[in-house]
Amino acid sequence: MVTLIVKPSEACNAACVYCEVDRKGWLKSKIMSPETLDMLFARIDAFLKERRNEQIKIVWHGGEPLLIGEPFYRRILAAQRQRCADTESRICHTVQSNLTLFSDEFVEVFRALGITSVGTSYDPVTEVRVLKGQDSRAYDEAFLAGTARLERAGFDWGVICVVTRLSLERPLDLFYFLTNLAPQGGVMFNPILLDKAKHQYLAIDDKEFSAFLGVLFPVWWAHRQRYPRVEPFHSLTETILSGGRRQFYCTDAGQCADTHIGIGPDGAMTHCGRSGDWGLLDYGSIHDRSFAEVFADARRVELRRRGEALRNGACRDCDYWALCHGGCPLDSWDATGSFLGKTAWCDSRGGFVKTTFEPVTGIKPKLMEAE
């Protein structure tokens, strides 16, 4: 499945201290035009007609994608129906929102788009997430009101928690709070990614993130039937128990050169959402190039050979290659200036397996390359 990370606007009503959209200081407020939206679905239709067995997942992202209002999503629905009459059954939609602006007016159009689940992120740590001109208490109240409306409307939701240095002070408090807050949609713990010049008081390294996970994992393992969808534990355990055969998240699959495209409000295409935030890998405009041309771009060749380069180099002797495939190439670029290095978060995966997963579970991974 091809995933399009589409940012119809990069404006946001919040001011989270670690925001990646704003990390380079070029936050924009432009909203995707009707012409660019129409071209998006024309490109989707052409791509799906060329690849009869392919599907496309659209992640409406931002900024805050609800800030542009419900009428924009009706334009999405109209553009899809007009441009993709023969292919819309192979298009699925999801939204990544802070939920502080979710209201009942979105319910009908979300259902019409086939959206059944909404992704969000939340960090119950004071002053990490704030609404502009307000404080973290106002953010918390708006977020919780949004989740309540979402549940009343029958949508599932899952939450990403960004682990900062402040999180290290109370790992189990965060675990219990979030797993009880979103029991059906699940919880994902991700390490904070920071511009090296900003907010270093929040920064953690791979060993600290591994230790944070190490506190949570024994509790999750003992109660995994009650808290089944906690990441990275759920997918990591499935991968190990299956010998390496499973569907990975993009950061661990080693296949993003063939699966992801990021699209900005003006139609500019890049590799993914993060590369767009960082101003990397410009693949031109959706008005000028097709998705097939983007996937054939010479710069994707380097990303495709990354796995071979790592397997013959930095990751040659790693027992846990099948768990991460060197990690996200953007992490490598951030640390080294090259896409061909391994992730800077290596210890949070291999180190965690060796020091926590194996002792707690008594399972020694026997991994093979995923088929």
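What you see is a predicted model; the values in this text were computed from it and never measured. Along the sequence shown, residues are numbered consecutively beginning with 1.
- Put simply, Val95 and Ile5 are part of two different groups of oily side chains (I, L, V, M, F, W, Y) that touch within less than 4.5 Å, one to the next.
- Applying the ring pair (Phe, Tyr, Trp, His ring centres under 6.0 Å) test to pairs two or more places apart or on separate chains, those with a residue in residues 127-156 are Tyr122-Phe143.
- By the 30° and 60° cut-offs, the orientation of the rings of Tyr73 relative to Phe110 is perpendicular.
- Under the rule for a side chain to side chain donor-acceptor pair (under 3.5 Å), the partners of Arg304 that lie at least two apart in sequence or sit in another chain are Asp258.
- By the side chain to side chain donor-acceptor pair (under 3.5 Å) test, Ser348 is found to be paired with no residue, residues two or more places apart in sequence or in another chain being considered.
- Of all heavy-atom pairs spanning His234 and Pro228, the tightest one is CD2-O, 3.2 Å.
- Using a 4.0 Å cut-off between charged nitrogen and carboxylate oxygen, Asp45 and Arg90 do not count as a salt-bridge pair.
- The aromatic rings of His93 and Trp60 lie parallel to each other, with less than 30° between the two planes, well short of the 60° mark.
- When each of Cys315, Cys318, Ser332 is paired with Leu310, the side chain to side chain contact (heavy atoms under 4.5 Å, CB included) condition holds for Cys315 and for no other.
- Residues Ser235 and Glu231 bring a donor and an acceptor atom of their side chains to less than 3.5 Å of each other.
- Transitive grouping of hydrophobic side chains (ILVMFWY, heavy atoms separated by less than 4.5 Å) keeps Val59 and Ile76 in distinct clusters.
- Side chains of Asn13 and Glu64: a donor-acceptor N/O pair is absent below 3.5 angstrom, by distance only.
- Side-chain polar atoms of Gln255 and His260 form no donor-acceptor pair below 3.5 angstrom.
- Between Lys30 and Asp266 there is no salt bridge, since none of the side-chain N atoms of the basic residue sits less than 4.0 Å from a carboxylate O of the acidic one.
- Screening residues 293-302 for salt bridge (Lys or Arg N to Asp or Glu O under 4.0 Å) gives Arg289-Asp297, Asp297-Arg299 as the qualifying pairs, with residues at least two apart or on separate chains.
- Legend: salt bridge (Lys or Arg N to Asp or Glu O under 4.0 Å) pairs involving residues 159-173, not counting sequence neighbours, sorted by first then second residue: Arg165-Glu208.
- Taking the ring centroids of Trp220 and Phe233, they lie under the 6.0 Å cut-off.
- A salt bridge (Lys or Arg N to Asp or Glu O under 4.0 Å) check over residues 106-126, counting only residues at least two apart or in different chains, returns the pairs Arg74-Glu108, Asp123-Arg129.
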